[in-house]
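Just below is one structure, and these are the notes that go with it.
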Amino acid sequence: MRTIAIVPAAGSGKRLGLKVKKPFVPLGGKPLVSHAIRAFESTKEIDGIIIAAEPVLTGRFRVLVKRCGFRKVIAVVAGGRTRFESVGKCLAKVPASAEVVLIHDGARPFPEKRLISGAVKAARRYGACVTAVPETDTVKLVDTKGLFVRKTLDRRVIYRAQTPQAFSFTLLKKAYAKAAKAATDDSSLVEALGKKVKVLEGSCRNIKVTTREDLRIARALL
Ligand code: C5P
């Protein structure tokens, strides 16, 4: 097992405001989370998959893995209170033989093969890779209350980070062990070690389903 994909799919999913738990919201007749898992099942570079699920949902996830015939899933772990904690718990299950660990949000149903393969390749070459899209809006830095503009940023150097992100296993373990505080992505922990992270241009289709509007967009993108 040289290359492992971690899929954080825990958390409350409250912002979606639906009764159905987010990973199981239907998208094209299949549970939302199954789209991301299927992408890794069918990418030859990925040898094993580890999923973080909300603790009460681990059983349902195991049923889903069986029903969908996902053969690469090696563990479904109970997630933590934050994404950072959930990924940390998955990292503890990564086999010692792993060289590269790729992380992809379960809430992003459309990770393109080009991004999965590209991120793994870049992690092998540079140690760390983040997929990200160049910003097209003008970006303002505002005060903490969001009331007044502090500064306008130069959008030519602003990219929006997505997943997949991929890393050398050794480097990622170190980044998590040394993390001073929880982060909202994995790249930032590696950056905090002073390591360079390669940018791979992501895709506007690779959206994260957070709100109902996102879900409508995801359904339209199918
Ligand atoms: O909260 P955010 O939108 O940044 O979540 C990104 C990903 O992290 C989602 O796929 C979500 O399921 C996952 N997550 C997690 N554990 C948490 C919170 C979020 O695995 N406690």
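One-based numbering, in listed order, for ligands and for the atoms of each.
Shown here are the ring-ring contact (aromatic ring centres under 6.0 Å, His included) partners of Tyr176, two or more places apart in sequence or in another chain: Phe84.
For Lys72 and Glu41, the salt-bridge test fails: no basic side-chain N is under 4.0 Å from an acidic carboxylate O. Checked for salt-bridge contact, Asp186 and Arg83 meet the test: a charged N lies under 4.0 Å from a carboxylate O. Between Asp143 and Lys145, none of the side-chain N atoms (NZ, or NE/NH1/NH2) sits under 4.0 Å from a carboxylate O, so this pair counts as no salt bridge.
Under 3.5 Å, the side chains of Ser203 and Glu112 contain a donor-acceptor pair of N or O atoms.
Atom CD1 in Ile37 sits 13.0 Å away from atom CD1 in Ile46 (nearest 0.5 Å).
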Could you check ligand 1 for N or O atoms lying under 3.5 Å from protein N or O atoms and list the pairs with distances?
residue: ligand 1; atom: 1 (O); partner: Arg15; partner atom: NH2; Å: 3.2
residue: ligand 1; atom: 3 (O); partner: Arg15; partner atom: NH2; Å: 3.4
residue: ligand 1; atom: 3 (O); partner: Lys208; partner atom: NZ; Å: 2.8
residue: ligand 1; atom: 4 (O); partner: Lys208; partner atom: NZ; Å: 3.4
residue: ligand 1; atom: 10 (O); partner: Pro8; partner atom: O; Å: 2.8
residue: ligand 1; atom: 10 (O); partner: Gly106; partner atom: N; Å: 3.2
residue: ligand 1; atom: 10 (O); partner: Ala107; partner atom: N; Å: 3.2
residue: ligand 1; atom: 12 (O); partner: Ala10; partner atom: N; Å: 3.4
residue: ligand 1; atom: 12 (O); partner: Ala10; partner atom: O; Å: 2.6
residue: ligand 1; atom: 14 (N); partner: Ala10; partner atom: O; Å: 3.3
residue: ligand 1; atom: 16 (N); partner: Ser86; partner atom: OG; Å: 2.7
residue: ligand 1; atom: 20 (O); partner: Ala9; partner atom: N; Å: 3.4
residue: ligand 1; atom: 20 (O); partner: Ala10; partner atom: N; Å: 3.0
residue: ligand 1; atom: 20 (O); partner: Ser86; partner atom: OG; Å: 3.4
residue: ligand 1; atom: 21 (N); partner: Gly80; partner atom: O; Å: 2.9
residue: ligand 1; atom: 21 (N); partner: Arg81; partner atom: O; Å: 3.2
residue: ligand 1; atom: 21 (N); partner: Thr82; partner atom: N; Å: 3.3
residue: ligand 1; atom: 21 (N); partner: Thr82; partner atom: O; Å: 3.3

